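To start, the structure itself, in structure tokens.
Predicted model only: the values in this text are computed from it and were never measured. Counting starts at 1 for both ligands and their atoms, following the listed order.
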Amino acid sequence: MGKKIAFIGLGHMGGPMAANLVKAGHLVSGFDLAPEALEQARTQGIQVAESSAAAAAGADVVITMLPAGRHVLAAYQGQNGLLAAAKPGSLFLECSTIAVEDARAAHALAAAAGHRSLDAPVSGGVGGAVNGTLTFMAGGSAEDFADAEPVLAAMGGRIVHCGGPGVGQAAKVCNNMILGISMIAVSEAFVLGEKLGLSNEALFDVASAASGQCWALTTNCPVPGPVPASPANRDYQPGFAGALMAKDLGLAVQALESTGVQARLGSLAEEIYRNFAQGEGAGRDFSGIITEIRAASGVEAPAVEALA
Ligand code: NAD
């Protein structure tokens, strides 16, 4: 049977995720600060509430999909906050990408207010949100995960219970640290190959079937040609924007600092993407980092016709 679900944050990700909950037969009451987001949500069968507290009143499940940890913690707390508005024992699903520490603080606040909660960040981007194929990485108790799973299944293709509170965010931050580092590694190798007279196609043919194989190479290839669907073939239109990679690596560095883990490549990748996102890179796919590496190396991009 459909549940009553409050959905707070109906942006690029939250809007289509909430629409998929409606399609799965849930009654969704949504709220966003942006009037355009509310307008769009209305066309998708979402009941638009006057405030986040009004959306949460009477809901079985409260989902947040907000920009950053400070927005989540602010939305949870206070007289008009979600925790006060929801009925006792509601299940809070926090799906934004936020720091592990903030996720743990959100769990503690929810528990103190008599609610149940999971951190359940996603990967898969806007395409995954629209198609209902997101991967969810959940942290919290096994009972709360079991209750949340059918709701998450309406929005995702793969739902993984990673462990206790905050561990879903830990999985997200660790995965994206691998991704940020590996995209830089793949891009540096292509530029070195270009300088050494090795064609991008030839390097791809070798590395994609050898030990250099990884997602950054074979799915999101930073050079145009070998992988027709990769953002490099459409002038680095995202995809996964540089600003989001910079944000996620910032969360990784926060976790490195709080744990004392020495991750030199992770820290360097954060610096590289932070700089990238200060300019045009903010709105370009993160694989566009290769253009910075070429520029710094005095290498011209090979003509695209030559790759056809
Ligand atoms: P977005 O900026 O499009 O959407 C966020 C929405 O939250 C906005 O519409 C904003 O108006 C709303 N909002 C902010 N404060 C609010 C409040 N107090 N109450 C109600 N609404 C409020 O961002 P997005 O791309 O949808 O990303 C949302 C989260 O998902 C972020 O944490 C992001 O890191 C994460 N994420 C994004 C992607 C992606 O590809 N876009 C992929 C994975 C994870």
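If you number the atoms of ligand 1 from 1 as listed, the ones under 4.0 Å from a heavy atom of Leu244 come out as 34 (O), 39 (C), 40 (O), 41 (N). Against a heavy-atom cut-off of under 4.0 Å, Lys247 is close to the following atoms of ligand 1: 31 (C), 32 (O), 33 (C), 34 (O). Taking every heavy atom of Ile8 and a limit of under 4.0 angstrom, the matching atoms of ligand 1 come to 19 (N), 20 (C). Of all atoms in ligand 1, listed by their number and element, those nearer than 4.0 Å to a heavy atom of Ser96 are 32 (O).
You'll find the side chain of Arg116 stays beyond 4.5 Å of the side chain of Leu93, heavy atoms only. Considering only heavy atoms from C-beta on, Thr219 stays 4.5 Å or farther from Val227 through its side chain. Using a 4.5 Å heavy-atom threshold, the side chains of Arg284 and Thr291 count as touching.
Arg274 and Glu271 are not joined by a salt bridge, as no carboxylate oxygen comes within less than 4.0 angstrom of a charged side-chain nitrogen.
Of the protein's heavy atoms, Thr97 OG1, 3.9 Å lies nearest to atom 36 (N) of ligand 1. If you check which protein heavy atom lies closest to atom 40 (O) of ligand 1, you get Gly125 CA, 3.5 Å. Looking at atom 43 (C) of ligand 1, its nearest protein heavy atom turns out to be Val122 O, 3.6 Å. Nearest non-hydrogen protein atom to atom 6 (C) of ligand 1 is Asp32 OD2, 3.5 Å. Scanning the protein for heavy atoms near atom 19 (N) of ligand 1, the closest one is Leu33 CG, 3.8 Å.
Distances from atom 24 (P) of ligand 1 to the protein include at least one heavy-atom value under 4.0 Å. Within a 4.0 Å radius of atom 3 (O) of ligand 1, the protein contributes one or more non-hydrogen atoms.
Of the N or O atoms in His71, none lie within a sub-3.5 Å distance of an N or O in ligand 1.
Ligand 1 is approached by Pro67 to a heavy-atom distance shorter than 4.0 Å.
Counting only non-hydrogen atoms, the option in Leu66, Val72, Thr64, Thr135 that gets closest to atom 31 (C) of ligand 1 is Leu66. When Gln40, Met13, Glu94, Met65 are checked for heavy-atom proximity to atom 42 (C) of ligand 1, Met13 turns out nearest.
The residue Ala75 has no part lying near ligand 1, judged by heavy-atom distances below 4.0 Å. The proximity of Lys172 to ligand 1, defined as any non-hydrogen pair under 4.0 Å, is limited to the side chain.
The CD1 atom of Ile46 sits 8.0 Å away from atom CG of Leu21, with the distance rounded to the nearest 0.5 Å.
Applying the under-4.5 Å side-chain rule to Ile, Leu, Val, Met, Phe, Trp and Tyr, the cluster around Leu192 extends to Leu196.
Classification of the Phe145-His161 ring pair by plane angle, with boundaries at 30° and 60°, yields parallel. Under the 30°/60° scheme for interplanar angles, the aromatic rings of Phe92 and Tyr76 are found to stand perpendicular.
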Practice task
Apply side chain to side chain contact (heavy atoms under 4.5 Å, CB included) to Asn176 and Phe240, showing your working.
Solution key: CA-CA 11 Å; Asn176 281 16; Phe240 186 50; 4.0 Å; yes
Exercise for the section: Could you check Gln169 against Leu251 for side chain to side chain contact (heavy atoms under 4.5 Å, CB included), going step by step and ending with a plain yes or no? Expected result: CA-CA 9 Å; Gln169 294 290 351; Leu251 298 175; 5.6 Å; no
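Among Leu198, Leu217, Val299, the single residue meeting the side chain to side chain contact (heavy atoms under 4.5 Å, CB included) criterion with Phe190 is Leu217.
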